Trainee: 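Encoded as structure tokens, here's the structure I'll be asking about.
So you know, we letter chains A, B, ... as the sequences are listed, proteins then strands, and number each from 1. Values below: every heavy atom of this structure, side chains too, minus hydrogens, waters and symmetry copies. Note that this is a predicted model, so its numbers are computed, not measured.
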Amino acid sequence: MNRDFEKRYDPKKVEGEIYSLWLKNDCFKQSEDNSKETFSVIMPPPNVTGRLHMGHALDNTLQDILVRYKRMKGFNTLWVPGLDHSAISTECKVVNMLREKGIKKEDLTREQFLEHAFAWKEKYGNIIVNQVKKLGVSADWDKIKFTMDPSCSRAVKKVFVDLYNEGLIYKGKRIINWCPNCGTSLSDIEVDFCEQKGSLWYIKYYLVDGREDDFVTVATTRPETLLGDVAVAVHPEDERYKKLVGRKVLVPIVKREVPVIADDFVEKDYGTGAVKITPAHDINDFEVGLRHNLEFIDVISKKGTMLKNTGRYAGLNTKEARQEILKDLKLGDCVLKVEDINHNVGKCYRCSCNVEPLVSVQWFVKTKNLAKPAIDCVNYREDTLDSCSPTNKNMKCFGENTLEKENLEYTFLPRFSDDEKLTFLPKRFSKTYLNWLFNIRDWCISRQIWWGHRIPAYYCKDCGEMMVSENVVEVCAKCKSKNIYQDEDTLDTWFSSGLWPFSVFDWPKKTSDYDKFFPTSVLVTGYDIIFFWVARMVMLSLKFTGKAPFKYVLIHGLLRDNLGRKMSKSLGNGIDPLDVIDKFGADALRFMLVLGSTMGNDIRFSEEKLTASRNFVNKLFNAARYIYLKVSDNLDCLNLKRIPENLHPEDEWVLGKLNTLIKDVERNLDNFDFGIALNKIYDFVWDIFCDWYIELSKVRLENDLEDIDSRLCTKNVLVFALLNVLKLLHPFVPFVTENLWQIFTEKKLGPLMLSNFPVDIKVVACSQQITGTDCVIDIIKAIRKRRKELNVPAGKILSEVFIESDCSENIKNNLIFIKRLARISSIKIVNDSNLNNGKENEFSVVIAQRSKIYIKNSELFDKDEEVKRLKKELEKFEKELEKVNAQLGNREFLNRAPSRVIERMKELKVDLLNKVEKIKDSVCGLEK
RNA sequence: GGAAGCAUAGCUCAGCUGGUUAGAGUACCUGCUUUACACGCAGGGGGUCACAGGUUCGAUUCCUGUUGUUUCCACCA
């Protein structure tokens, strides 16, 4: 016995070896043949911060299935792997790592810090790459890119400078989201809103020129910001306050006189209908401030503490300041009441610390003009747009400096041909994408951290001139001073990720890979980063290459734990794919992630499903083991590629089913229906191939009557079918299939992963042979069932059995199978009349699809029980017959239903009538 | 406040453009050391396809509404 064939498949023994084999054979490289159609995928680059998680496993499995399938289909395939520097998260990790070593970031120079950071990237980047490889990922590792590689940096600089020169990047003082913990600004989508318990304080603002007890009550959740208040706003239509508009109130504590203004952003029904306005520390208030020309008073620092101008509160953090201010307000009798409420608080998406809105100078991308083509290029159904609400169809964007809202009715231009368009799968995600683009706001791209692409802007210390340039600026363009420094800020990590589809090809250099493989074919990713990543890639690709970066965006769901909760670090319910691979093998993991999943839907992780997957892999392995046992002696004589002649009916049967499977799987994979495809292969392998064909083959291989040619034919079919199954399964479970392929081909045919995907095997599967075998199987099943019903011991061999059948010709030649698999020593084919001699009470009658089986053996069952059983069966068939008769009696049905449906219904009726009659006969016979 | 998904066997989920008796895995019950596999084999029970309407000769499938559930967007002090 080949040492490769233990009873159980052991993935650990083979996976590493197989992966090396692929690498050694350059299996992941592209073809030299330029005539081949190309298929390219860019890997969503994992962060260099963490370990592989289930999300990566799913994402990469789906990509690998696609890429392997297309490669086997003969496409020139490129899958570019990569790593993301993930600016803020990596910086946080490095800072923490240094802190543990007793090093403070503040004590390091920028260069020293970056050295540590690159060392980190080196270490953890390698770790995650190795983890990704464990999944079997067939990406071209020689082409791996890192978002901070010089070539990527070059693309970043070029894009930044071009956008700046076009006025699409600007520097401005605006309110932004600030994370005091990370010490940097954040873009809008980097803020997560969490519901939290809080209080709503009702605070009195006394009128300046009113009576002593004339005041306006303002409700706020953030009393500490009142130090920066510059107005109180009410709704223009609010009758309660109409008279007050234009008058002045006194901000408590600071005793500042501020106007009461009218603005329709105020909701009359919330709180008291009067809002304090703090333009420097609230996003809405900021806009109000601009509209009403109000002063911006900063009171909170970037560290989250109160500024000097707050007097005795200076230096306190916002939480402490709130307590002190409330205390003082109460002393002044300014607090009317407190209400407990639930409200949403913005949190940093990386560190979960409360985000502080504040005004600062940052760099922004003007997104409106970039968004328009990104909307145009998407394939959507008309009704997708209809369901975007009318306000959503107006593009609300901020103009430069003025920050005034421009409302532009969006008009669609047929600028993209169908061929150039981008399609989301499932389609519904195009709606998510479009809705976001319709409401897009300018994108804050500067970050106050060191790890990332430094903004290519330079300043002259002498004259203050700002110069934006791809090259390092050493001399001031205006005053020729050499006293130049570079902007300290770095770019949002998504800025460089947004260029990924073309920066991986060394754009803006003209490379042959760019020419061949851009735009890419499919992007596979989760719905959670459609905004962060997909939309930006589309906008920037259209802008700089003129093309959508991919043809399809395949969206998959998120992974959930066995209770249906999102896998997350904070819950601690994440499952480590590496543990799973260690215990069950990479193939089982991949199988589990795909089987029974649907595009775009979340996937629930369960150990049971994993076990089932592992069992399937083992089943396949054992089927191969059996075949190898039978075949290894004369493997040389077998033609692995061609179907033998002189096929038996069951050979044609299995090959016919295989052929259907091949066509189905191909269609499903072309439609990205991986789950359905895998399910079909599963059914074929387990039910058709193992449970039936292999069992039937045993009869032929062990039967002395069969001649050598016939046996060879069986072996050939076994091997042929197995090898085709291996090909079909390879994209899903690459390791075990490659392993078996190597054994069977004795390493002569090269790697399975470079072989051709099965095509129509053109077996002349005569439908008669197929139904004939189906009929035989049906008889075996029926007899087994009856044996069980009558409690016939499993080992008991029945002696006298008679079969009457529509396919008696087929059965005649296949009696041997029925005997063996149903455990019968002798069978006779009969005509109806043969047994109609009043002897029916001596037989148990079994009704199969197209046959009637008489098992003689009165001692096997209780007569009364048998009559009862038959009557129950009769009732069932009669009920069905009634239904069918009703259908066929319905004139409308006969007029309108397609003829094939009617024909089928008629056939069914004949079949049912036949069955009913037979059972009636039997009952009659028994009751005599 | 706006949008989307899901609701099918005890559990986890398939079910393409409506058409025989709605499927699988798992769990459960009954047998089986049948020579590839007990990570297995054979057989079995188990579903008013959430609810209510509508379209249709015919609805698990299409439409509308209701309920439950999950998620995304918005951020209202």
Side-chain angles (χ1 to χ4, degrees), chain A residues 5 7-9 189 191 193 200 218-222 225 233 265-267 269-272 274-278 282-285 343-344 346 387-389 391-392 426 428-429 431-432 435-436 439 527-528 530-531 557-558 560 562 564 566 595-598 600-604 606 608-609 611-630 667-668 671 673 675-676 679 682-683 690-691 694-695 698 702 781 784-785 787-789 791 793-795 820-821 823 876 879-880 883-884 887 890-898 900-902 904-905 907-908 911:
Chain A
F5 277 117
K7 275 201 173 191
R8 277 188 190 174
Y9 174 61
I189 50 177
V191 179
F193 286 90
L200 190 60
V218 161
T220 181
T221 52
R222 301 201 55 194
T225 60
F265 106 95
V266 179
E267 299 250 343
D269 301 330
Y270 191 90
T272 61
V275 193
K276 63 191 224 41
I277 300 296
T278 322
D282 182 281
I283 303 218
N284 279 303
D285 294 3
H343 65 141
N344 283 330
S387 60
C388 290
S389 65
T391 55
N392 286 346
R428 68 185 129 97
F429 287 104
K431 194 166 165 179
T432 315
N435 248 318
W436 188 73
N439 294 294
Y527 54 70
D528 48 337
I530 290 177
F531 313 133
L558 301 179
R560 301 179 169 277
N562 54 353
K566 237 190 223 175
L595 188 73
S597 71
T598 324
N601 283 9
D602 290 350
I603 295 168
R604 200 180 283 226
S606 81
E608 289 82 34
K609 222 165 27 174
T611 307
S613 304
R614 191 262 329 261
N615 292 354
F616 175 79
V617 171
N618 191 55
K619 183 77 182 174
L620 176 74
F621 178 81
N622 267 292
R625 181 172 187 260
Y626 162 78
I627 295 170
Y628 194 80
L629 267 164
K630 297 290 171 195
R667 202 186 52 240
N668 292 146
N671 292 331
D673 285 327
I676 296 172
N679 215 330
Y682 182 102
D683 288 345
C690 290
D691 288 347
I694 287 185
E695 290 309 316
K698 285 178 182 173
E702 287 164 18
K781 282 186 166 177
R784 281 172 172 172
K785 186 176 170 189
R787 290 177 61 117
K788 190 80 182 173
E789 279 165 353
N791 285 320
R820 157 96 176 234
L821 296 179
R823 308 213 155 199
K876 195 179 105 191
K879 228 185 223 170
E880 251 174 69
K883 262 193 199 167
V884 171
Q887 263 303 36
N890 183 342
R891 191 171 293 159
E892 290 294 332
F893 172 74
L894 295 175
N895 284 343
R896 294 175 187 243
R900 66 187 162 83
V901 175
I902 297 173
R904 226 185 277 163
M905 199 64 81
E907 278 170 33
L908 180 65
D911 186 45

Trainee: Give one of base, sugar-phosphate or nothing for A:F531, where a contact means two heavy atoms less than 4.0 Å apart.
Mentor: sugar-phosphate
Trainee: So which nucleotide from B:U12, B:C41, B:U71 ends up closest to the side chain of A:R604?
Mentor: B:U12
Trainee: Determine the Euclidean distance between corresponding C1' atoms of B:G68 and B:A22; express it in Å to zero decimal places.
Mentor: 24 Å
Trainee: Report which part of the nucleic acid A:I694 touches: base, sugar-phosphate, or nothing (heavy-atom distance under 4.0 Å, all strands).
Mentor: base
Trainee: A:A612 side chain: which of B:G19, B:G25, B:A77 is closest?
Mentor: B:G25
Trainee: Rounding to an integer number of angstrom, what distance separates B:C28 and B:U33 when you compare their C1' atoms?
Mentor: 23 Å
Trainee: Do A:K609 and A:T611 have side-chain atoms, one donor and one acceptor, less than 3.5 Å apart?
Mentor: no
Trainee: Distance from A:L200 atom CG to A:T221 atom OG1, nearest 0.5 Å?
Mentor: 7.0 Å
Trainee: Measuring only the P atom in each nucleotide, how far is B:G45 from B:C72? A whole number of Å is fine.
Mentor: 43 Å
Trainee: Base, sugar-phosphate, or nothing: which does A:A623 touch, judged by heavy atoms less than 4.0 Å apart?
Mentor: base
Trainee: Going by modelled atom types, is there a donor-acceptor pair between the base of B:C75 and the side chain of A:N344 at under 3.5 Å?
Mentor: yes
Trainee: Mind checking if A:Y682 touches a base, just sugar-phosphate, or nothing, with heavy atoms under 4.0 Å?
Mentor: sugar-phosphate
Trainee: Scan A:R614 against the nucleic acid and name what it touches under 4.0 Å (heavy atoms): base, sugar-phosphate only, or nothing.
Mentor: base
Trainee: If you measure from the P atom in B:U35 to the same atom in B:C13, how many Å do you get, rounded?
Mentor: 38 Å
Trainee: On a whole-Å scale, what distance lies between the P atoms belonging to B:G1 and B:U66?
Mentor: 14 Å
Trainee: Write down the distance between CG (A:L558) and C1' (B:U70), rounded to a whole number of angstrom.
Mentor: 11 Å
Trainee: Can you check the A:N601 CG to B:C13 P distance for me, whole Å?
Mentor: 10 Å
Trainee: Quick one: which of B:A42, B:U71, B:C57 gets closest to the side chain of A:R896?
Mentor: B:C57
Trainee: Among B:C57, B:U26, B:U34, which nucleotide sits nearest the side chain of A:R823?
Mentor: B:U34
Trainee: Could you check whether A:R784 gets within reach of a base, just the sugar-phosphate, or nothing at all, counting any heavy atom under 4.0 Å?
Mentor: sugar-phosphate
Trainee: Confirm from the modelled atom types if A:K609 and B:U26 form a donor-acceptor pair under 3.5 Å, side chain to base only.
Mentor: no
Trainee: When rounded to the nearest 0.5 angstrom, what is the spacing between OH in A:Y527 and CG in A:N601?
Mentor: 8.5 Å
Trainee: Contact class for A:N671 vs. all strands (heavy atom < 4.0 Å): base, sugar-phosphate, or nothing?
Mentor: nothing
Trainee: Check the distance between B:U30's C1' and A:E789's CD and give it to me in whole angstrom.
Mentor: 13 Å
Trainee: Reckon A:R900 touches a base, only the sugar-phosphate, or nothing at all at heavy-atom distances under 4.0 Å?
Mentor: nothing
Trainee: Does a side-chain N or O of A:K785 approach OP1 or OP2 of B:G44 to a distance below 4.0 Å, or not?
Mentor: yes
Trainee: Check whether the side chain of A:K7 and the base of B:C37 form a donor-acceptor pair under 3.5 Å.
Mentor: no
Trainee: Say we look at B:C29 and B:U34: how far apart would their P atoms be, to the nearest angstrom?
Mentor: 22 Å
Trainee: Counting distance only, does the side-chain N/O of A:D602 pair as donor-acceptor with the main-chain N or O of A:L558 below 3.5 Å?
Mentor: yes
Trainee: Do A:E695 and B:A36 have a side chain to base donor-acceptor pair shorter than 3.5 Å?
Mentor: yes
Trainee: Please give the distance between the C1' atoms of B:U12 and B:G19 as a whole number of Å.
Mentor: 29 Å
Trainee: Mind checking who B:A77 pairs with, Watson-Crick or G-U wobble, both distances under 3.5 Å?
Mentor: none
Trainee: Using both distances under 3.5 Å as the test, list the Watson-Crick or G-U wobble partner of B:U69, or none.
Mentor: B:G5
Trainee: At under 4.0 Å, does any side-chain N or O of A:N615 touch on OP1 or OP2 of B:G40?
Mentor: yes
Trainee: Under 3.5 Å, side chain of A:D673 to main-chain N/O of A:N668, donor-acceptor pair present?
Mentor: no
Trainee: Do A:D282 side-chain atoms and A:I277 backbone N/O form a donor-acceptor pair below 3.5 Å?
Mentor: no
Trainee: Describe the nucleic acid contact of A:T220 in one word from base, sugar-phosphate, nothing, applying a heavy-atom distance below 4.0 Å.
Mentor: sugar-phosphate
Trainee: From C-beta outward on A:T598, which listed nucleotide comes closest to its side chain: B:A14, B:A77, B:A36?
Mentor: B:A14
Trainee: I want to check one thing: is the phosphate of B:A36, taken as OP1 and OP2, less than 4.0 Å away from some side-chain N or O of A:K698?
Mentor: yes
Trainee: For the residue pair A:F5 and A:Y628, categorise the inter-ring angle as parallel (less than 30°), tilted (30 to 60°) or perpendicular (more than 60°).
Mentor: tilted
Trainee: Can you find a donor-acceptor pair, distance only, under 3.5 Å between A:R625 side chain and B:C37 base?
Mentor: no
Trainee: Side chain of A:R560 only, heavy atoms from C-beta on: which candidate in B:U12, B:U70, B:C37 is closest?
Mentor: B:U70
Trainee: When you compare B:U67 with B:U56, how far apart are their C1' atoms, in angstrom units rounded to a whole number?
Mentor: 27 Å
Trainee: Is it true that a side-chain atom of A:N618 and a backbone atom of A:R614 form a donor plus acceptor pair closer than 3.5 Å?
Mentor: no
Trainee: Is A:R428 near enough to B:A4 that one of its side-chain N or O atoms lies under 4.0 angstrom from OP1 or OP2?
Mentor: no
